[in-house]
Amino acid sequence: MANHEEIFKKLIAHAKEYGFIFPSSEIYDGMAAVYDYAQYGVELKNNIRQHWWKSMVQMHENIVGIDSAIFMHPSVWKASGHVDAFSDPMIDNKDSKKRYRADMLIEDYIAKIEEKINKEVEKAAKRFGEAFDKTQFLATNERVLANTEKIKTISHRMNQDLEKNDLADLKSLIEELEIACPISGSRNWTDIRQFNLMFSTQMGSLSEETNLVYLRPETAQGIFVNFLNVQKTGRMKIPFGIAQTGKAFRNEIVARQFIFRMREFEQMEMQFFVRPGEELKWFEHWKKERMDWHLSLGLPIEKYRFHDHEKLAHYANAATDIEFEFLFGFKELEGIHSRTNFDLSRHQEFSGKKMQYFDTELNESYVPYVVETSIGLDRTCLAVLSTAFTEEKLEDGSERVVLKFPAILAPYKIAVLPLVKKDGMPEKAHEIMRQLMPSFMCQYDEKDAIGRRYRRQDAIGTPFCITIDTTTLENDTVTIRDRDSMKQERIAISEIESYVKALLK
RNA sequence: GCGGCAGUAGCUCAGUUGGUAGAGCGUCAGCUUCCCAAGCUGAAAGUCGAGGGUUCGAGUCCCUUUUGCCGCUCCA
């Protein structure tokens with residue numbers, strides 16, 4: 001593992017040094033967990049996105065794509081549950097330096113009172129034996145009644161505080177109850193702060209009434225709110241899917257591990273709408289199909305595994321992650337969730353619009369069930385980068401760093417290199433460049449010795465290097481070098497395009 | 001958000017008890033070179049993470065802040 005950490009550091013350094021990924025606003029010291037894709041990184045990212053879009057949208061008759069806005073009506077996030085679920089009141093103990101969710105501290109306190117009541121009940125049950133009436137005991141015993149009343153008062157006040165966002169009173173409550181830190185036993189607390197996982201901003205001019213709007217924490221809702229529009233205008237018949245890629249934003253408390261967890265990130269997701277009762281069948285279908293997609297990237301199969309969720313989110317009746325073995329262990333790369341009809345039903349409830357589909361075969365209307373596949377584009381970039389990153393010791397004892405990308409994902413496909421910078425070779429090379437540029441990302445390089453130029457291309461993962469030499473000038477052939485084997489073949493200039501295309505699958 | 005460590009050229013680093021910033025690699029220009037980096041010549045490049053303080057003088061000492069790494073915490 002220590003070795004993996006070192007490779008991970010080297011990878012991050014390589015990504016910066018060779019123009020894949022830069023820290024955001026670096027001249028101003030950067031921003032935590034925000035990164036910019038550089039000249040090579042953006043090509044890699046675009047290629048992965050395109051590969052996904054092609055296999056999900058272009059290759060499926062019953063899936064269409066959309067591109068919904070990042071801003072959405074604030075009610076969307078109430079309906080989706082994000083407003084409630086995405087913010088936690090946190091409090092720190094100054095002595096133990098431990099952080100807790102303030103409401104959880106109070107819940108624990110309540111649980112202790114409940115325990116007391118249970119003990120009273122047990123004691124009484126022993127004492128009275130057969131004749132014990134629990135309901136009556138609970139309703140009459142003074143100590144129990146006092147405790148029950150206490151619980152009621154506390155939880156009522158807590159819920160009111162949470163609802164009104166009255167963090168000061170929530171802290172007072174903790175102080176009044178003399179709740180101490182379980183670790184230090186100290187009651188030396190900081191103020192409570194709200195950690196909202198959603199970014200917010202205002203829409204509308206300052207002088208008028210402004211609306212609080214959120215930057216979407218997931219792209220999925222953009223599809224749900226467009227379900228009716230797409231289904232009707234696209235004349236879609238269930239089962240069908242809507243796909244989109246786009247940015248989402250989460251104000252992570254701790255965002256680390258390079259581009260694995262960023263505050264601004266890109267998702268590629270597809271919501272597949274099915275008949276109620278058929279969702280688990282489709283869930284299995286998409287599990288398989290998505291894994292096949294990952295394997296089609298050309299990364300090794302042993303790097304992947306499924307991780308089925310045992311604890312399901314409130315909206316799901318089945319969920320699995322496709323995990324990838326990053327340099328810091330197996331982590332979630334894609335989620336496949338059977339979201340039931342939760343989202344559409346909630347939007348139906350909150351918007352008052354019927355989010356239903358009339359199924360002519362069944363001759364009935366229903367709120368469709370949804371199977372979601374949602375993959376992190378940045379995480380996929382990281383998966384591809386970390387798998388491609390290779391340090392090689394060559395036979396002659398020298399070393400090279402190669403990014404062994406699957407050719408289809410490589411930022412540049414071809415480097416065009418005149419062997420020497422004279423005798424008309426640069427001119428010939430430019431001619432070949434012009435011929436190949438419409439079909440491939442190509443890079444021209446005439447600086448330094450040929451071997452060094454090969455290494456430079458290795459470092460950015462270019463799969464093919466075409467070299468122009470004296471023979472080229474005689475018979476219009478070039479050598480084409482394979483990045484991984486470093487072997488060369490001589491082919492006609494006219495064959496380059498079909499040769500490379502064949503190897504791009 | 002808390003604690004520990006760190007931040008000097010694109011990268012890796014040096015910089016003496018405080019005395020006005022250096023090396024190697026890389027980059028660029030030129031020369032040389034007919035196939036796998038490290039031949040030759042020359043050049044550019046750093047307000048020493050930022051702000052403040054102590055001092056005649058701060059990369060060096062002090063305070064604050066920011067970013068990164070590690071640990072904790074959090075992760076619908």
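Proteins get letters first, then strands, A, B, ... in listed order; numbering begins at 1 in each. All of these numbers come straight from a predicted model, not from anything done at the bench. FYI, side chains are in, hydrogens and waters are out, and symmetry mates aren't considered; it's all heavy atoms of this structure.
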Cationic tip of A:R216 above A:F71 ring, under 6.0 Å, 45° of axis
no
Could you please name the partner base of B:A21, counting Watson-Crick and G-U wobble pairs only when both distances are under 3.5 Å?
none
Partner of B:U41 under the Watson-Crick or G-U wobble criteria, both distances under 3.5 Å, comes out as B:A29
For the side chain of A:K16, starting at C-beta, report the closest nucleotide among B:C11, B:C35, B:C36.
B:C11
Single hit among A:R455, A:R453, A:R456 for salt bridge (charged side-chain N to carboxylate O under 4.0 Å, His left out) with A:D448:
A:R456
If I pick the C1' atom on B:A50 and the same atom on B:U66, what distance separates them, to the nearest angstrom?
7 Å
Which word best sums up how the rings of A:F273 and A:F227 line up, parallel for under 30°, tilted for 30 to 60°, or perpendicular for over 60°?
tilted
Within the 4.5 Å heavy-atom criterion, are A:F405 and A:T462 side-chain neighbours or not?
no
Does the cation-pi check pass for A:K287 over A:F306, that is, NZ or CZ under 6.0 Å from the six-membered ring centre and within 45° of its axis?
yes
What is the pairing partner of B:A6, taking Watson-Crick or G-U wobble pairs with both distances under 3.5 Å in any strand?
B:U67
Have a look at A:T479 and say if it touches a base, only the backbone sugar-phosphate, or nothing, with a 4.0 Å heavy-atom cut-off.
base
Protein-nucleotide distance (A:R263, atom CZ; B:U67, atom P), rounded to Å:
9 Å
For B:G15 versus B:C48, give the span between their C1' atoms, rounded off to a whole number of Å.
10 Å
What interatomic distance, in whole Å, is found between P of B:U16 and the corresponding atom of B:G30?
40 Å
On RNA chain B, check which nucleotide each of A:T467 and A:A13 is closest to and give me the residue with the more 5' one.
A:A13
Can we say A:D469 and A:R490 salt-bridge, meaning some charged N sits less than 4.0 Å from an Asp/Glu carboxylate O?
yes
Specify the separation, in whole Å, of atom CD1 of A:I12 and atom P of B:A6.
20 Å
Would you say the side chain of A:D458 and the base of B:C36 hold a donor-acceptor pair, judged only by whether the two atoms sit under 3.5 Å apart?
no
Using only heavy-atom distances, decide whether a donor-acceptor pair under 3.5 angstrom links the side-chain of A:R455 to the base of B:A37.
yes
Quick check with a 6.0 Å cut-off and a 45 degree axis cone: is A:R305 positioned over the face of A:F330's six-membered ring?
yes
Once each nucleotide of nucleotides 28-33 of chain B is scored for protein heavy atoms under 4.0 Å, what B/S/- sequence comes out, 5' to 3'?
SB---B
Quantified in whole Å, what is the C1' atom distance between nucleotide B:G59 and nucleotide B:U41?
33 Å
Suppose you measure atom C1' in B:U54 against the same atom in B:C61; what distance do you get, rounded to whole Å?
8 Å
Whole-angstrom distance between B:G46 and B:A9, as gauged at atom C1':
5 Å
With nearest nucleotides of RNA chain B determined for A:R481 and A:F8 from heavy-atom distances, which residue corresponds to the more 5′ nucleotide?
A:R481
Quick check against the 3.5 Å criterion: does A:K413 have a side-chain atom that pairs as donor or acceptor with the backbone of A:A407?
yes
Determine the Euclidean distance between corresponding C1' atoms of B:U33 and B:U20; express it in Å to zero decimal places.
43 Å
Does A:R452 contact B:C36 through a side-chain donor or acceptor facing the base, at a distance under 3.5 Å?
no
For B:C74, the nucleotide meeting Watson-Crick or G-U wobble distances (both under 3.5 Å) is none
B:A45 and B:C2, which share atom name C1', separated by this distance in whole Å
39 Å
Does A:Q488 contact B:C35 through a side-chain donor or acceptor facing the base, at a distance under 3.5 Å?
yes
